[in-house]
Amino acid sequence: MRPTPGRGTGPRPSAPTAAGRGARADAADLDVVRPGAGRAGNADRTTSDRDARDGAGPGARPGPSAPAAARPAAGAGARRHPSHPGAARAAAVRPGEPHPPAARSDTGGTPAPLTADRDGRSGWRLTGDKCWISNAPEADFYTVFARTTPGAGARGVTAFLVPADRPGLSGAPLDMLSPHPIGTLAFDAVPVTADDVLGEPDRGFRVAMGTLNLFRPSVGAFAVGMAQAALDATLAHTTTRDAFGGKLRDLQAVSHQVAEMALRTEAARLMVYAAATAYDDNAPDVPQRAAMAKLLATETAQYVVDKAVQLHGARALRRGHLLEHLYREVRAPRIYEGASEVQRGIIAKELYRTQDATEGAGA
């Protein structure tokens, strides 16, 4: 079943297996659930802010309907929380940068400094700090991936749904280059129980990776929207701008740059659609395609927006101009949901995995 916006998609989770009193676990990851309706703190954001963040913006043209994975959808493992009716408003899991400043982008490697202490047979207490969390501290729910079986690597991680009003949980916003809701969270012995488990115990890593496979193409779609908005603005500007006895578009050096911008934008769009279709079809190469789509689209958006600024000249750097806004917005997508370097590593890993499997089958 494909995810439906605003609706939980996973079955009611099973209770975790008791690991014994006193067992200690280190959290491996932390993401957030984006509420379907924003809180009052976001009410003052301008329309242009929202448009550019969604990849729209003035001058952007609507494209054909994207496959389901490229549209907002409920995150993998999302469900309606029995004690919080507001969970129905959680439209999507929006993974942010899940690690504190000193941690690595290795999801199955060094754990982040957030601990889970056993609290009875079916409960835990989360303690520690997290940074660079999308929608913190404004989200209604947080998805915490904690290690419930020490020494088991990625196989010992359990996903928990933690309501924002849970005792001991607090947070603060961070002032970013572009006005995104990102902040820090502090866990002071925050209680979680079996009812807060998403999916199955010790299977949280699968939930996390499934979520990334879904949202990497969606970040790609967001980036393509920004590239298209910048391209459209450039086409309009170079058509009307007088320069050297004609229009700016008449200069081959300019028209060739615009052609390259369009070429890369369309290639990124097709890559995003291919990754989204692969996700919808549950294809075996989804991780590779999702990484390719995110990498190509975000790098393309950076290139296209930068070229658009260059062709517009100083006017594009004036506060309030669409390209000034996009220039600030376009940088972050190359980092979150896994930086470009991480995506290249995933692509190479999947390529060599396929190569090894082919050679093994022929041996």
Side-chain angles (χ1 to χ4, degrees), residues 8 10-33 35 75-87 90 93 95-96 98-100 102-103 107-133 135-172 183-208 211:
R12 182 175 179 82
S14 304
T17 303
R21 294 180 180 272
R24 189 177 185 83
D26 292 322
D29 214 335
L30 177 69
D31 298 328
V32 297
V33 176
R79 66 178 175 87
R80 193 182 299 259
H81 196 277
S83 60
H84 292 270
V93 175
H99 304 287
T107 331
T110 304
L114 179 66
T115 61
D117 294 305
R118 263 294 182 181
D119 185 19
R121 290 186 173 275
S122 60
W124 297 262
R125 293 273 180 172
L126 304 178
T127 301
D129 299 312
K130 296 295 292 185
C131 193
W132 316 119
I133 306 304
N135 298 317
E138 300 173 1
D140 292 323
F141 298 87
Y142 298 94
T143 307
V144 181
F145 296 91
R147 188 169 306 287
T148 47
T149 302
R155 297 181 180 179
V157 174
T158 300
F160 298 97
L161 183 67
V162 183
D165 59 359
R166 191 63 59 86
L169 178 58
S170 61
T184 63
L185 291 173
F187 292 77
D188 184 9
V190 176
V192 290
T193 68
D195 288 336
D196 298 315
V197 175
L198 295 175
E200 300 177 21
D202 291 341
R203 295 293 184 269
F205 188 79
R206 183 181 302 173
V207 173
T211 298

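Note: hydrogens, waters and symmetry copies are ignored here, and every other heavy atom, side chains too, is used.
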Worksheet entry | Trp124 and Asp117: CA distance, side-chain angles, deciding distance, side chain to side chain contact (heavy atoms under 4.5 Å, CB included) verdict | CA-CA 5 Å; Trp124 297 262; Asp117 294 305; over 6 Å; no
Fill in: Full working for side chain to side chain contact (heavy atoms under 4.5 Å, CB included) between Asp129 and Phe187
CA-CA 6 Å; Asp129 299 312; Phe187 292 77; over 6 Å; no
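Residues meeting the side chain to side chain contact (heavy atoms under 4.5 Å, CB included) test with Ala152, sequence neighbours left out: Thr149. By the salt bridge (charged side-chain N to carboxylate O under 4.0 Å, His left out) test, Arg125 pairs with Asp119, sequence neighbours left out.
Taking every heavy atom of both residues into account, Leu169 and Val190 meet most closely at N-CG2, 3.7 Å. Listed here is the closest heavy atom pair of Pro137 and Ala172: CD-C, 3.8 Å. Closest non-hydrogen pair, Val157 versus Phe145, comes out as CG1-CB, 3.8 Å. Scanning all heavy atoms of the two residues, the minimum distance from Arg155 to Arg203 falls at O-NH1, 4.1 Å. Smallest separation of non-hydrogen atoms from Ala139 and Ala164: O-CB, 3.3 Å.
When atom types are taken as modelled, the side chain of Thr184 and the backbone of Lys130 share no donor-acceptor pair closer than 3.5 angstrom. Distance alone, capped at 3.5 Å, places no donor-acceptor pair between the Thr158 side chain and the Gly204 backbone.
Taking 4.5 Å as the limit, some side-chain heavy atom of Asp196 sits within range of a side-chain heavy atom of Arg166. No side-chain heavy atom of Leu198 sits under 4.5 Å from any side-chain heavy atom of Phe160. Put simply, the side chain of Leu161 reaches to within 4.5 Å of the side chain of Thr143, judged on heavy atoms.
Of the inter-residue distances, the one linking Leu185 atom CG with Trp132 atom CH2 reads 13.0 Å to the nearest 0.5 angstrom.
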